[in-house]
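Notes follow the structure.
All values below were derived from every heavy atom in this structure, side-chain atoms included, with hydrogens, water molecules and symmetry-related copies excluded.
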Amino acid sequence: NIGGIVLAVFGGFFVGFGSRYADGCTSGHAISGLAHLQKPSLLTVIGFFIGGLTMTWLILPLIF
């Protein structure tokens, strides 16, 4: 479902932005959500890792 994927991407962006804006971190979101065994939190954490690896391996070398 393409609509679900788009919502997940925007949701992940807003969670990351909101946690940084509030002087928090995505790790706190991951720990709290995973401690409650929440499936959406697991998917979000996987998205954080994929985004971080993509930035580190693909985008950052193109910038520098």
Is it true that [X] and [Y] fall in one hydrophobic cluster, defined by side-chain heavy atoms closer than 4.5 Å?
{"X": "Val6", "Y": "Phe14", "value": "yes"}
{"X": "Leu34", "Y": "Phe49", "value": "yes"}
{"X": "Ile50", "Y": "Val45", "value": "yes"}

statement: For Leu62 and Leu58, the nearest pair of non-hydrogen atoms, with its separation, is CG-O, 3.3 Å

Minimum heavy-atom distance between Ala30 and Ser41, given as atom pair plus value: O-OG, 4.0 Å

Side chain to side chain contact (heavy atoms under 4.5 Å, CB included) partners of Ile59, counting only residues at least two apart: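 Testing Ile59 for side chain to side chain contact (heavy atoms under 4.5 Å, CB included), a comparison that skips the adjacent residues, returns Thr54, Met55, Ile63.
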
